[in-house]
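Written out below as structure tokens is the structure these notes cover.
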There are 2 protein chains.
Amino acid sequence: MTTEHSTRRLGAPDSRTRAILVDAAEQLLLDEGYAAVTSRRVGSAAGLKPQLVHYYFRTMDDLFVEVFRRRAEENLGRFERMVAGGCSIADLWRFNADLRGARFNIEFAALANHRKAIRTEIARYAERFRAAVLEALGAALAAAGVDPERVPPVVALLVMTGLSQVMAIEGELGVSAGHAETTAFVEDLVARLGDHG
Amino acid sequence: MTTEHSTRRLGAPDSRTRAILVDAAEQLLLDEGYAAVTSRRVGSAAGLKPQLVHYYFRTMDDLFVEVFRRRAEENLGRFERMVAGGCSIADLWRFNADLRGARFNIEFAALANHRKAIRTEIARYAERFRAAVLEALGAALAAAGVDPERVPPVVALLVMTGLSQVMAIEGELGVSAGHAETTAFVEDLVARLGDHG
DNA sequence: GTCTATACTTCGATAGAC
DNA sequence: GTCTATCGAAGTATAGAC
């Protein structure tokens, strides 16, 4: 994460303990927000001493970046495997509408507000993911006979992303008015596009 | 904020100093994220002693709730004044697409993740605001001749909200691919609807 | 209404023993 | 690789003088 060198020892990246710490940090982040991810609480949640966090990660930011990166890579991998087998607009919508990652995204968006290293990491991933989805969505829309002049794929992508994001955030707050209706609307639209292709 | 009573003194709600503290807290929240909103930093930013924060607010949560509530009321007031004079779909889109509140929303969405008092406050406001916008948007869509059976107003509302939200979050990260194109698309659509009505 | 003083907790991080 | 021990900084909150 950083190029400065210090005399401090650092644990191996493939360590089992290290993975456990990342698991604990991710769980804390999801359950209680990023402010709860402290070396003491991560250690405790993992059943280990907090100093081990500093043995495996130079700083807490390094730990956050690792939590993010691990999930991002996993997500990107899943997406690429789905696309490789050929995928419909409905598949793309379902992948996108997965609520599992919503809280995760909110926390990291907030974190990115004031932690430079994390913002950089998120931006890099967001662009990679964006490009991958755009390519798949463009192909799927073309197959469904949608004129890209009339509905640019990138617009459809942003609408799709925005919809699932806003429903996820509101869902967490307990506000769900119109969600069922909107989901039904999108699924109907997507099904009709599927019939065409 | 709370019904427990303690012996501690509390400053007047209409105090000038209190307003300055809320200003400072809001600025810190926007600039550096909610984790930066501590009694020490708020006091320092306001040029006052941190203990004054505790004189005006029983807990830091009370301060957060006040920051949120003040802005929410102001926002709702502005919206209602706009609607009172009659408003078009374009007006609604512009109001919604105001990026100024994006960071604010992200921070509070993250805060709501783990602070019950704040979540309750946000949910209450979100529902009020949602109802107000829905009413205005429903009327504007009807005036533009949009069939509510074909495009339910609540769906249009969620699309609108989602779009501006996702563009705001990405914009903060420095990811802006497709944003200009999407904004142009929406503005064109909205203008065409305006011509009809 | 604002201050000093202070209690107590938790934080990130490091050094060095085993 | 994991532990004990420890530092200094920062956090929330309260009591009481002025």
Side-chain angles (χ1 to χ4, degrees), chain A residues 1-2 4-25 28-29 31-67 111 114-118, chain B residues 1-25 28-29 31-67 107 111 114-118:
Chain A
M1 237 51 50
T2 197
E4 302 164 42
H5 36 65
S6 90
T7 96
R8 232 172 97 210
R9 294 187 295 163
L10 262 195
D14 62 340
S15 152
R16 170 95 185 103
T17 302
R18 194 183 124 113
I20 290 173
L21 290 170
V22 177
D23 290 342
L28 267 173
L29 182 89
D31 291 344
E32 306 188 43
Y34 70 75
V37 183
T38 68
S39 53
R40 281 172 161 83
R41 296 207 57 190
V42 169
S44 158
L48 298 164
K49 297 290 166 184
Q51 290 86 340
L52 276 182
V53 173
H54 297 291
Y55 172 64
Y56 285 103
F57 303 93
R58 244 182 37 83
T59 65
M60 291 305 288
D61 267 22
D62 284 3
L63 172 57
F64 276 116
V65 167
E66 183 59 26
V67 168
L111 258 177
H114 59 292
R115 304 230 204 171
K116 196 163 168 268
I118 295 172
Chain B
M1 240 53 52
T2 197
T3 34
E4 300 163 42
H5 38 68
S6 90
T7 98
R8 231 172 97 210
R9 293 187 295 163
L10 263 195
D14 62 341
S15 153
R16 170 96 187 100
T17 303
R18 193 182 124 114
I20 290 173
L21 290 170
V22 176
D23 289 342
L28 267 172
L29 182 90
D31 291 345
E32 305 188 44
Y34 72 75
V37 182
T38 67
S39 52
R40 278 173 159 83
R41 296 208 57 192
V42 169
S44 158
L48 299 165
K49 297 290 166 183
Q51 290 87 338
L52 276 183
V53 174
H54 298 291
Y55 172 63
Y56 286 102
F57 303 95
R58 244 181 38 83
T59 65
M60 290 306 287
D61 266 23
D62 284 2
L63 172 56
F64 277 115
V65 167
E66 183 58 27
V67 168
E107 291 297 328
L111 258 177
H114 59 292
R115 303 228 205 173
K116 195 164 170 268
I118 295 171

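All values below were derived from every heavy atom in this structure, side-chain atoms included, with hydrogens, water molecules and symmetry-related copies excluded.
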**Request:** Please tell me if the side chains of A:Val65 and A:Asp62 come closer than 4.5 Å, counting only heavy atoms from C-beta onward.
**Result:** no
**Message:** How many whole angstroms separate atom CG of B:Leu28 from atom C1' of D:dA10?
**Reply:** 15 Å
**Message:** If I take atom CZ in residue A:Arg9 and atom P in nucleotide C:dA15, what distance separates them, rounded to the nearest angstrom?
**Reply:** 11 Å
**Prompt:** Quick one: A:Leu52 CG to D:dT2 C1', roughly how many Å, whole number?
**Reply:** 5 Å
**Prompt:** What is the minimum heavy-atom distance between B:Met60 and B:Val53, and which atoms define it?
**Reply:** SD-CG1, 3.9 Å
**Message:** When you measure from the side-chain N and O atoms of A:Tyr55 to the phosphate of D:dC3, is any distance below 4.0 Å, counting only OP1 and OP2?
**Reply:** no
**Asked** Taking only N and O in the side chain of A:Ser15, is any of them less than 4.0 Å away from OP1 or OP2 of D:dG1?
**Response** no
**Message:** Just verifying a value: how many Å separate B:Leu10 CG and B:Arg18 CZ, rounded to the nearest 0.5 Å?
**Reply:** 8.5 Å
**Asked** Tell me: OH of B:Tyr56 to C1' of C:dT2, nearest whole Å?
**Response** 8 Å
**Message:** Keeping A:Arg40 on the side-chain end and A:Pro50 on the backbone end, is there a donor-acceptor pair under 3.5 Å?
**Reply:** no
**Request:** Return the value, rounded to whole Å, for the distance between atom CG of B:Leu63 and atom P of D:dG11.
**Result:** 14 Å
**Asked** How many Å lie between NZ on A:Lys49 and P on C:dA17, as a whole number?
**Response** 19 Å
**Request:** Would you please classify the geometry between the B:Tyr34 ring and the B:His114 ring as parallel, tilted or perpendicular, with 30° and 60° separating the classes?
**Result:** tilted
**Asked** How does protein contact run along nucleotides 5-12 of chain C, one letter per nucleotide 5' to 3', with B for base contact, S for sugar-phosphate only, - for none, heavy atoms under 4.0 Å?
**Response** B-----BB
**Asked** Could you state the interatomic distance from CG (B:Leu21) to OH (B:Tyr55), rounded to the nearest 0.5 Å?
**Response** 11.5 Å
**Fill in**
note: B:Leu21, atom CG; D:dT12, atom P; distance rounded to Å ~ 13 Å
